[in-house]
Amino acid sequence: MTRTDDHKTDDTGPSGYAAARLHLLTEGARSGPPRRTALAGLTDDWLTGLFTAAAPIAKGISLVAVGGYGRGELSPRSDLDLLLLHDGSDPAAVAALADRLWYPVWDLGISLDHSVRTPAEARKTAGEDLKVQLGLLDARHLAGDLGLTAGLRTAILADWRNQAPRRLPELQELCAERAERHGELRFLLEPDLKEARGGLRDATALRAVAASWLADAPREGLDDARRRLLDARDALHLVTGRATDRLALQEQDQVAAELGLLDADTLLRQVYEAARVISYAGDVTWREVNRVLRARAVRPRLRAMLGGGKPVAERSPLAEGVVEQDGEAVLARTARPERDPVLPLRAAAAAAQAALPLSPHAVRRMAATTRPLPTPWPAEAREQLITLLGSGRPTVDVWEALEAEGLISRLLPDWERVRCRPQRNAVHLWTVDRHLIETAVRASALTRRVSRPDLLLVAALLHDIGKGWPGDHSVAGEIIAKDVAARLGFDRADVGVLATLVRHHLLLVETATRRDLDDPATVRAVADAVGSESTLELLHALTEADALATGPAAWSTWRGSLVTDLVRRVLAVLAGEHPGTEPEPAAPTAEQERLAIEAHRTGGPVLALRAQAEPGPPEESAETGEPLGVELVIAVPDQPGVLPALAGVLALHRLTVRTGGLRTLRLPDDVDDDGSVLLLDWRVAAEYGSLPQSSRLRADLVRALDGSLDITSRLAERDAAYPRRRGRAAPPPRVTVAPAASRHATVIEVRAQDAPGLLFRIGTALEKAAVRVRSMHASTLGANAVDAFYVTSGTGTPLPPEDATATARLLEEALRA
């Protein structure tokens, strides 16, 4: 370790070191590797001074830095990993020396991971504990007997290399278990910079593999990736004043500012990019380790079979210029990347189709020598891209290999803006770029449903490409999609279809879950936007693929059925069928009609509560069926206050509303010419515990409707009895009036954080606004409630614009209170 004069201090005591350390961390002149090096050097000098003062003649004893400190990577709040190594000749003197070293460190409040061992004890412990062995691989002499330290280092490295066939699989399993616990760093909104997959622990593991001489990681960009993660951890330590590795949401803006970055998103993109490099290097390295270990295991048998001759690697052709060798897709000996610009796509498609990894050496060679594709692309290049996108799950790893060498950004320059871009929405599991690939993977399973699978797969790849630009990403994406599709060589008609798919990729699911499908204006608006049956077919498949690739909260059997119903209605319009000017409500089921008649006869609410788990389509496995909770059907004579009353009763019984619908049902003529009831068909689920009895629900609903049950007070008492949990502050609710959404009612949209009693508060506010809820469509997406209310005046007509705006404003104020 190189030490400069400003690292040194004449005072080897805690106060002198503490002052110099504080000055180093707060001066602001140095950051990153220089500051870590300076901090390690300063600490070296201090500990060396302590050691020398306590043991002027240090024969047979030495002080050794291990782990991160051994590598000279001291962050502001890092532990000090120290080993007091001795030859065992004077245990009492060693114990006294340990006290004189450890106590000054503890006095400063610095975390210390320490041990006192002989070389034999250190080797034995390392052989039993993989983590100890990994720390000793970075052993660095600080003070005392240099020969003792050097001997241990030599022995530890020799042990590691000799035991590599046994210890490396153990290390790989340790990395896999850690990834399972902490997740994938590059997809987490609050990642652990050290423990998550692609973090600093994995970078250290790759150093250990390299030290075994059995395999080595791809080195391009790896050191820079480690540096970026270390820089982020340094800034996190300085901002929080704690030894933390978790990059929490509330600290990301401060960490970004400490690093001189624009904002928290820029910080996350840097962190994600570093994690991507380390994760890919890990994938390649462990694949190589396993290949070498397999080869070592079979080599003696092959030698015996071949009479001692050297085995010849088998090469099987996959495509023009691409072969399989040793379980990888590699370039054929006759391949000429410099003369074949389609080769990267051909090799990638062949690898994905064969479910093989793409050799990093092949990718590196193609990235270095392949000429750019002409514009527009030749037909073969376009077909190979579509083949790659349609290969299912293997597409992900092959795409990552191309990304690692910058080939994706060269093929699709617009990709650069979405690469590693975070999505600050808990519903999304992935960054934007990975979500696009996941959507293509999902779409590949739906290609049999459409007449143009090529357009479906390309639309899946491009549907969120506008998220790298300001404004509505669908609008920006439409412009980008036109440009990309033209460069790929699609004709004018196909370019138009792709642009439409990207522009309206959210249209079906948003309309199906937030609009009245019985309103002709709803169906006509979708038909006008889509334009043709073939485009609607593609949009239907893209909608499902997009939702499935978003996360489990974005898709369900119920949402799928609503989208399918909307598609059926739009197809009818596109086929020339014209709905009447008045909405045609869906015919009630026999049970709904029975409940409505009973409610009219008794003058009170009648309900049916039954469990119903909706299985997925027959081709799905049993695990994919999604239980949507319990179906609750209620019929009640048409009267004010039904919505808040029912919502409040459900909240009191700790029932969460997953979906909800409300509409007016006309009674059959033979029952009552003028009679009508409100029909509510909801899906509910217990927050915890078992479901309440339907008789209790009905009794409380009767009391709520006649005013004898004070729901507001009961909910307030319950909330006061439980301490409020701390968590990320949710965005404020937003209430808007949807323009031209219906000719028969005013549509008010509510987007808010889902919480117990939310629907009760909405219903109460609408009652106070003296509007009539004609129908309702409520849904919950992750932690967000997205509800649409079709309201009218007391005379049954849409609200005047000024009244609609005022109602929305009052409702938003009520939800913010």
Side-chain angles (χ1 to χ4, degrees), residues 443 446-453 455-456 459 463 474 493-494 496-548 555-590 592-593 614 616-618 659 661-666 679 681 738-747 749 774-779 788 790 798:
L446 306 177
T447 52
R448 297 294 183 268
R449 285 177 20 183
V450 298
S451 58
R452 288 294 303 274
L455 297 183
L456 172 62
H463 74 279
S474 298
D494 289 345
V497 171
L498 286 168
T500 299
L501 293 174
V502 172
R503 174 68 180 87
H504 297 297
H505 68 272
L506 297 174
L507 176 65
L508 294 184
V509 70
E510 289 186 346
T511 302
T513 57
R514 304 176 191 177
R515 294 289 179 266
D516 186 353
L517 302 190
D518 292 324
D519 192 330
T522 298
V523 180
R524 170 56 65 187
V526 175
D528 290 343
V530 174
S532 70
E533 296 179 35
S534 58
T535 303
L536 179 63
E537 174 188 72
L538 288 166
L539 189 59
H540 188 189
L542 176 60
T543 299
E544 182 173 340
D546 181 18
L548 289 171
W555 193 249
S556 65
T557 305
W558 169 76
R559 281 190 175 85
S561 65
L562 288 182
V563 170
T564 299
D565 183 30
L566 173 61
V567 169
R568 177 183 58 79
R569 294 169 186 251
V570 175
L571 277 173
V573 172
L574 292 172
E577 300 178 20
H578 298 286
T581 57
E582 291 298 321
E584 294 293 334
T589 65
Q592 290 172 341
E593 189 170 284
E614 295 193 8
T659 66
L662 176 153
R663 63 189 175 111
T664 302
L665 186 67
R666 302 292 303 179
L679 183 68
D681 192 345
S742 172
R743 295 197 303 269
H744 309 283
T746 298
V747 180
E749 283 191 340
R774 185 172 178 267
S775 66
M776 176 192 78
H777 305 273
S779 62
Y790 285 63

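Interatomic distance, CG of Leu679 versus OG of Ser775, reported as 12.0 Å (0.5 Å rounding). For the atom pair CG of Leu574 and CG of Asp528, the computed distance is 8.5 Å after rounding to the nearest 0.5 Å. Rounded to the nearest 0.5 Å, atoms OG1 (Thr543) and CD (Glu510) are 10.0 Å apart. For the atom pair OG1 (Thr522) and CZ (Arg524), the distance works out to 12.0 Å, reported to the nearest 0.5 Å. Atom-to-atom distance recorded for Leu571:CG and Leu536:CG is 4.5 Å, nearest 0.5 angstrom. Here the CG atom belonging to Leu539 is positioned 8.5 Å from the NE2 atom belonging to His504, to the nearest 0.5 angstrom.
In this structure, the side chain of Thr746 does not engage the main chain of Pro798 through any donor-acceptor pair within 3.5 Å. Judged by distance alone, with hydrogens and angles left aside, the side-chain atoms of Glu544 form no donor-acceptor pair with the main-chain N or O of Ala541 at under 3.5 Å. In this structure a side-chain-to-backbone donor-acceptor pair under 3.5 Å is present from Ser561 to Trp558. The closest donor-acceptor contact from the side chain of Arg774 to the backbone of Ala745 lies at 3.5 Å or more, if one exists at all.
Nearest heavy atoms, Ala547 versus Trp555: CB-CE3, 3.3 Å. Nearest heavy atom pair, residue Leu517 against residue Ala512, reads CD2-CA, 4.1 Å. Nearest approach of Ala443 to Ala545, heavy atoms of both residues: N-CB, 3.7 Å. Leu507 and Thr511 get closest at one heavy-atom pair: O-OG1, 2.7 Å. Residue Asp494 comes nearest to Arg452 through the heavy atom pair OD2-NH2, 2.9 Å, listed as atom of the first residue, atom of the second, then distance.
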query: Should Ser474 and His505 be marked as a side chain to side chain contact (heavy atoms under 4.5 Å, CB included) after you check the CA-CA gap, both sets of side-chain angles, and the distance that decides it?
result: CA-CA 8 Å; Ser474 298; His505 68 272; 3.3 Å; yes

Side chain to side chain donor-acceptor pair (under 3.5 Å) between Ser532 and Thr535, worked out: CA-CA 5 Å; Ser532 70; Thr535 303; 2.8 Å; yes

- request: Applying side chain to side chain contact (heavy atoms under 4.5 Å, CB included), run through Thr500 and Val530 and close with a yes or a no.
  value: CA-CA 7 Å; Thr500 299; Val530 174; 5.6 Å; no

query: After noting the C-alpha distance and the side-chain angles of Arg569 and Asp518, does the key distance pass the side chain to side chain contact (heavy atoms under 4.5 Å, CB included) rule?
result: CA-CA 9 Å; Arg569 294 169 186 251; Asp518 292 324; 3.2 Å; yes

task: Go through the steps to decide whether His540 and Thr564 satisfy the test side chain to side chain contact (heavy atoms under 4.5 Å, CB included), and finish with yes or no.
output: CA-CA 8 Å; His540 188 189; Thr564 299; 3.7 Å; yes

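The residues Arg663 and Asp516 are annotated as not salt-bridged, no charged nitrogen and carboxylate oxygen being separated by less than 4.0 angstrom.
Remark: Glu537 pairs with Ser451 by the side-chain hydrogen bond (donor to acceptor under 3.5 Å, both in side chains) rule, at least two apart or across chains. Ala459 pairs by the side chain to side chain contact (heavy atoms under 4.5 Å, CB included) definition with Leu498, Leu501, Leu542, not counting sequence neighbours.
Taking the six-membered ring where the residue is Trp, the centroids of Tyr790 and His777 are separated by under 6.0 Å.
Using a 4.5 Å cut-off on side-chain heavy atoms (C-beta onward), Arg448 and Pro453 make no contact.
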